[in-house]
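Letters A, B, ... mirror the listed sequences (proteins, then strands); counts begin at 1. The model shown is predicted, which means the values in this text are computed figures rather than measured ones.
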Amino acid sequence: MSNAEIATMLRRIAFLIELDSENSEAENTRLNFKSRAYIKASDQIQNLPINIKQLYEEKGIDGLLQIPSIGKAIATKISEFLNTGTVDYYEKLKLRYPIQIDDFLDLEGIGPKTLRRIFSKINIKTLDELEELARNRELRILPGFSANKETDILKKIEMHRIGKKRFLLGDIYPLALKIEEFLVNNEEVSKAAAVGSFRRMKETVGDLDFVVVSNDPKKVIEKFVTMPNVKEILSKGVTKAFVKLNNNMDADLLVVPSESFGTALLYFTGSKRHGIHLRKLAQVKGYRLNEWGLYENNTDQKIAGESESDVYDLLGLEWIPPEMREDNGEIELAKKGSNSWQHKMALLVDYNDVRGDLQVHSNYTDGKLSIEDMAYYARMLFDLDYIAITDHTQSLKIAGGLDEKEILDQQIKIHEINDRIKSSQFFEDMDTSVVKNQFYHYGNNYRSRKKDDKKTDKKFRILSGAEVNILKDGTLDISNNVLDKLDLVGAAIHSNFSLPEEIQTERLIKVAQNPSVDILFHPTGRIINKREGYQINISKVLSACLDTKTVIEIDAHYNRLDIRDELIRTSINNGVNLVIDSDAHHPMHYAFLNLGISQARRGWANKKDILNTQPIPELLSSLK
DNA sequence: GCCGTTTTCGGCCCGACTGTTTTCAGTCG
């Protein structure tokens, strides 16, 4: 039973409670708050970095009660759900409203109040039936309804059917920057920022949010809603506008005066739960916090608003990096004077900390370019100090994996190139015109790393390595005496994804125990929105990694981002070391390193937890 | 139903936009 399933159950209960509130006003209010309590608990569980089922098995109801927003009543229901697969209270509510709940649960724009009005007059059970009512013009006669509202409902149902999938951060990153740039370049705009889950660098993004500073909101909003990639205007007011883009993604804009920029950033960056927590903190301190500013409650005097850090400061907090704003304990950690903040979060890994990339492919296998080219761009455009060439090995036929002789030949080639880098004008002599052209079409749309001019290009080094294929029984397809000649070895699963959990776990533990394996590449094997990771008992694998000094990779390719943020937190808490790699098959993929660093920051990783923030000698001595 | 630096009752984040109203309820971010 996953956290998501439990969260969904609580949300269904909340929904039915709201439908049920049809009594006296006082009773309505009570049920309303009751429903919100279930929604809060559901949100909390959805975002919880630990597995509820495991927590319950280890600590029982007391474990559940330690989770914020979960009290005795909800804890009991979760326990019942875990034990029996159902909740009696929910089943009873369902008898009162025998509808297809999941049809209506995530129906955007049509909430429980509207549905209650319909259900109380007309007996329908499914979304199809609701659609039919609207088509037959049978809704407009209900109180509070109209022909317009009928049309609106049909449109909302249609949008719901299209489905609102979340976009991969890496896919929409260039678009977000493009719109941000469009806004910045407007003469009425003095500041603009892409915010929302994009700024928090979540691995998937539901919509794009922008905050701009302008003295002429009307004009800015008009330009925003008439951008070429806007398909439809959803709503447009004096300070806010919502549109649908051509790719069916929603984009939201908020226009504020300069003195509100900080609070607007806070509000629109979210997360929602982080914002709510901050507003509650403000309330306790006698303030009121909204997107326009932080105010004294008594005098209505504005005491902050222009900068985020002023607001955090007045709330008694350190400034919290956007990647951490999930209300998963960061606010408690950020209390002024907190030791743990000084020791932990002040040392959060930063975007310029990563010095090298330890998973890079070349045209020896399925990479697009030569080792020389991969080295050149790593140095010249991404300011890296080293890369490891880790091509696939022989049993991965589809990628043209290397056999033992080819691996050793490649290593000789790498030594040759390293010698040339050390002794000659290697970087000046490269002919790069062709690749550069390809590169700027794509890679330049990512924010790139800052070039450190003090470094000399002759310091750059290529490490020899391999992405060794893990066979079904946990052995490797290359012998240890060959692997031991390489600078580093990553091992990865590319087949037999669906072995039973116990066997898959044993398979990975065997790999960790292999003395030649330094790193587990993309350890859980997930592809976001496409493939769940393989079934493994992660705590057993982590413990094997700790015992054997095996390093866990954060694969920064945006469709993997493997391991995910909560697992990063778990790994670090267990003392396991990490590296961040781009899995580059083309130089433009080095840009993904930043996404991996974001992932690490969302997993609260310090610089010291990430081994490839170190220079080569220290890195190599940290490996097996 | 949850929660507590006004702690076991009485609160519960805050404001914008829309549509159906004519002062507000519903929904969203």
Side-chain angles (χ1 to χ4, degrees), chain A residues 10 13-14 17-18 20-21 25-26 28-44 64-78 89 106-118 139-140 142-153 155-156 164 195-197 206-211 217 221 225 233-243 250-256 260 263-264 266-295 297 315-316 327 335:
Chain A
L10 295 176
I13 294 177
I17 292 171
E18 280 191 87
D20 214 28
S21 50
E25 194 160 329
N28 261 348
T29 309
R30 194 186 66 81
L31 287 175
N32 192 20
F33 282 117
K34 185 170 170 177
S35 161
R36 275 164 59 180
Y38 276 91
I39 289 173
K40 247 168 80 178
S42 171
D43 284 350
Q44 183 70 36
L64 300 180
L65 286 173
Q66 279 162 20
I67 302 168
S69 307
I70 293 184
K72 225 172 155 184
I74 293 182
T76 312
K77 290 184 179 73
I78 293 174
Y89 177 60
D106 298 317
L107 194 50
E108 207 162 316
I110 307 174
K113 296 292 186 322
T114 307
L115 291 171
R116 178 160 60 89
R117 279 195 201 154
I118 301 169
L139 284 179
R140 60 183 67 184
L142 298 178
F145 285 74
S146 66
N148 278 342
K149 197 159 175 119
E150 235 168 27
T151 316
D152 191 51
I153 284 175
K155 212 164 103 186
K156 299 253 162 75
K164 212 181 166 187
V195 287
S197 49
D207 60 7
L208 294 177
D209 303 295
F210 301 90
V211 170
I221 283 176
V225 300
I233 301 169
L234 300 174
S235 104
K236 184 176 79 165
V238 183
T239 60
K240 282 180 181 173
F242 302 142
V243 299
D250 289 353
D252 308 342
L253 176 71
L254 172 65
V255 189
V256 296
S260 296
T263 36
L266 257 185
Y267 157 73
F268 240 22
T269 297
S271 70
K272 191 174 174 179
R273 294 166 67 235
H274 182 89
I276 289 174
H277 197 147
L278 290 185
R279 288 196 283 273
K280 279 186 180 164
L281 262 185
Q283 210 180 30
V284 169
K285 289 186 180 293
Y287 303 142
R288 194 176 85 253
L289 175 62
N290 60 35
E291 61 263 51
W292 304 102
L294 181 67
Y295 303 85
N297 244 347
L315 296 179
D327 197 22
K335 292 244 155 69

B/S/- along nucleotides 4-12 of chain B (protein heavy atoms under 4.0 Å) is --------B
>> At less than 4.0 Å, is any side-chain N or O atom of A/W292 found next to OP1 or OP2 of B/dC14? Yes or no.
In response: no
**Request:** Decide yes or no, distance alone: a donor-acceptor N/O pair under 3.5 angstrom between the base of B/dG29 and the side-chain of A/Y267.
**Result:** yes
Out of B/dG29, B/dC13, B/dA16, minimum distance to the side chain of A/K240 belongs to B/dA16
Salt bridge (Lys or Arg N to Asp or Glu O under 4.0 Å) filter on A/K240, not counting sequence neighbours, yields A/E291
**Message:** Base, sugar-phosphate or nothing for A/D252? Non-hydrogen atoms, less than 4.0 Å.
**Reply:** sugar-phosphate
Looking only at heavy atoms, the pair that brings A/E150 and A/L139 closest together is OE2-N, 2.9 Å
Expected string for nucleotides 22-27 of chain B under the B/S/- scheme (protein heavy atoms, under 4.0 Å, primed atoms plus P, OP1, OP2 as sugar-phosphate) is ---SSS
request  = Using only side-chain N and O atoms of A/N148, determine if any of them is under 4.0 Å from OP1 or OP2 of B/dG19.
outcome  = no
Those residues at least two apart in sequence (or on a different chain) that pass side-chain hydrogen bond (donor to acceptor under 3.5 Å, both in side chains) with A/K236 are A/E222
A/K72 meets the side-chain hydrogen bond (donor to acceptor under 3.5 Å, both in side chains) criterion, sequence neighbours left out, with none
side-chain hydrogen bond (donor to acceptor under 3.5 Å, both in side chains) filter on A/T263, not counting sequence neighbours, yields none
Worksheet item: Do any side-chain nitrogens or oxygens of A/R288 fall under 4.0 Å of OP1 or OP2 in B/dG15?
Response: yes
If pairing means Watson-Crick or G-U wobble with both distances under 3.5 Å, then the partner of B/dT8 is none
Taken to the nearest whole Å, CZ/A/R140 to C1'/B/dG19 is 15 Å
A/Y38 OH to B/dG1 P, in whole Å, measures 5 Å
